[in-house]
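For clarity, every value in this text was computed on a predicted model and none was experimentally measured. Counting starts at 1 for both ligands and their atoms, following the listed order.
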Amino acid sequence: MPGRFSRRNFARLAGLAGFSMVSPAAAKDSRTSAANEKSAPASFPDGFVWGTATSAYQIEGAVHEDGRGPSIWDTFSHTPGKIDDNTNADRANDHYHRYKEDVGLIKQLGAKAYRFSIAWPRVFPNGDGAPNPKGLDFYNRLIDELLARGIEPYATLYHWDLPQSLQDRVGGWRSSDTSKAFGDYSGYVTERLSDRVRNFFTINECGRFLNFGYGWGIDAPGLKLPTGELNQARHNVVLGHGFAVQAIRAHARAGTRVGLAENIAACVPAIDTPEHVRAAEIAMRELNSGVLGVILEGKYTEGYLDYAGKDAPKFNAEELMIIGSKIDFVGLNIYTPQCYIEPKDKGAGFHILPFPASFPHMQSKWLLIAPETAYWAPRLTAKIWNVDTIYISENGTSSDDKIAADGKVYDLDRIMYLRNYLMQLQRAIADGAPVRGYFLWSLMDNFEWIWGFEQRFGLYHVDFQTLERLPKLSAEFYRNVIATNAVSS
Ligand code: BGC
């Protein structure tokens, strides 16, 4: 019969055959000894911060409520042809009204921390000028709810939703007026929230929103700037970060901690030899000079400026000092490596290897599966810039995430991905990487930017018709990781 010896049938038969050959007592013995031989789970340090992450535009909805001004993402997502499934985040997860339920979801995971972002256009509808107290009130309510349930808030001040007014009036990040406005907004917010929020991320993923939004034109605001102008916009963004750090030091409570969350261009040594590791270290410093490097060193590398040549950003010493203001931690968003590296005798000392077309990826094609990124990115970051506090500010994956006939979501590929990345992260910590916490992206499915609602990154499935939230199998996996403070293969 065709299909009679399908793989599944074969496995079933083989299993039965195996069972019949072993006596029940022997089977029990071998199970017990196998259990005894199991290697210890990979434990994380005591006090390790387990959390989840989201961002304002991706979940809040309520875009016209309580005086919120429009952002560049409202404009962009309403422009025909920009979002794959022609959706926008006008309603998204309606988190603005359901935040209590969502805090309950975090609680159910046993997570001790939550990273969310504050929508700048809720607080300053025009980006600068008159604040809108009702906008900040939402975050007061959210923070109070988190604290009441024993969850520590980690707030991001900018996750890409620039007030449209700043885009229209000054050209957004093309102008250092936006950098200054960001500093003022950051001082205003942290003065009012730092009695309850101890950790602030200034900006999320400068690298991504600049390249996608100002270089390739596929994210808001949809610009395709020539290289020189793109480099200048990047400089304005890191300057904005610097102004924000200074404003936070000036206005927030003493002891408030500040850092940023960057999608570091992670360079992985192709082979673990001292020469490859050294080459990856050189590459990672050079490839990140435009954002993380200049922030942590207070200067661009010669390699970065030489490579940019006439397109290098214009800057002065005072700006470099502002950009290099001391921060308390570095957040790394880890999904996929930028490149694999081998050593090279000539030139810069490294060679970027091409990815073979067959390199495996998750449901999102860009998300190449490379768990060792979670090992090398924090280790090399700590080494290159002498960083003593790192958070993995994002890590996660999309998955097909269909609801099965029994009403459950068996996202085994997400569990496989998380398990492998977490194993490598644990190894990095065991080898000395100063990683203090991990924020899984994302708490729940949400508006995945240019992919609309088609790519689901959540631990909770969201039905975007009914807005019902449903835990996936990965939520149970993560709950177990948190409860045991360990991951096992
Ligand atoms: C961003 C998130 C995004 C996630 C998955 C990160 O680049 O910070 O906003 O949803 O990756 O693509």
Applying side-chain hydrogen bond (donor to acceptor under 3.5 Å, both in side chains) to Ser194 and not counting sequence neighbours gives none

side-chain hydrogen bond (donor to acceptor under 3.5 Å, both in side chains) filter on Asn485, not counting sequence neighbours, yields Trp50

Worksheet item: So do the side chains of Phe439 and Tyr114 get within less than 4.5 Å of each other, counting heavy atoms only?
Response: no

Applying side-chain hydrogen bond (donor to acceptor under 3.5 Å, both in side chains) to His97 and not counting sequence neighbours gives Glu65, Asp94

Once you restrict both partners to nitrogen or oxygen, which atoms of ligand 1 have a protein partner under 3.5 Å, and how far apart are they?
| from | atom 1 | to | atom 2 | distance (Å) |
| --- | --- | --- | --- | --- |
| ligand 1 | 7 (O) | Glu205 | OE1 | 2.6 |
| ligand 1 | 7 (O) | Glu205 | OE2 | 3.0 |
| ligand 1 | 8 (O) | His159 | NE2 | 3.2 |
| ligand 1 | 8 (O) | Asn204 | ND2 | 2.9 |
| ligand 1 | 8 (O) | Glu394 | OE1 | 3.0 |
| ligand 1 | 8 (O) | Glu394 | OE2 | 2.9 |
| ligand 1 | 9 (O) | Gln58 | OE1 | 2.8 |
| ligand 1 | 9 (O) | His159 | NE2 | 2.9 |
| ligand 1 | 9 (O) | Trp449 | NE1 | 2.9 |
| ligand 1 | 10 (O) | Gln58 | NE2 | 3.0 |
| ligand 1 | 10 (O) | Trp441 | NE1 | 3.2 |
| ligand 1 | 10 (O) | Glu448 | OE1 | 2.6 |
| ligand 1 | 11 (O) | Tyr335 | OH | 3.3 |
| ligand 1 | 12 (O) | Glu448 | OE2 | 2.5 |

Paired with Val435, the side chain to side chain contact (heavy atoms under 4.5 Å, CB included) test is passed by just one of Tyr391, Phe48, Phe44, namely Phe48

Practice task
Determine whether the side chains of Asn236 and Ser176 contain a donor N or O and an acceptor N or O closer than 3.5 Å.
Solution key: no

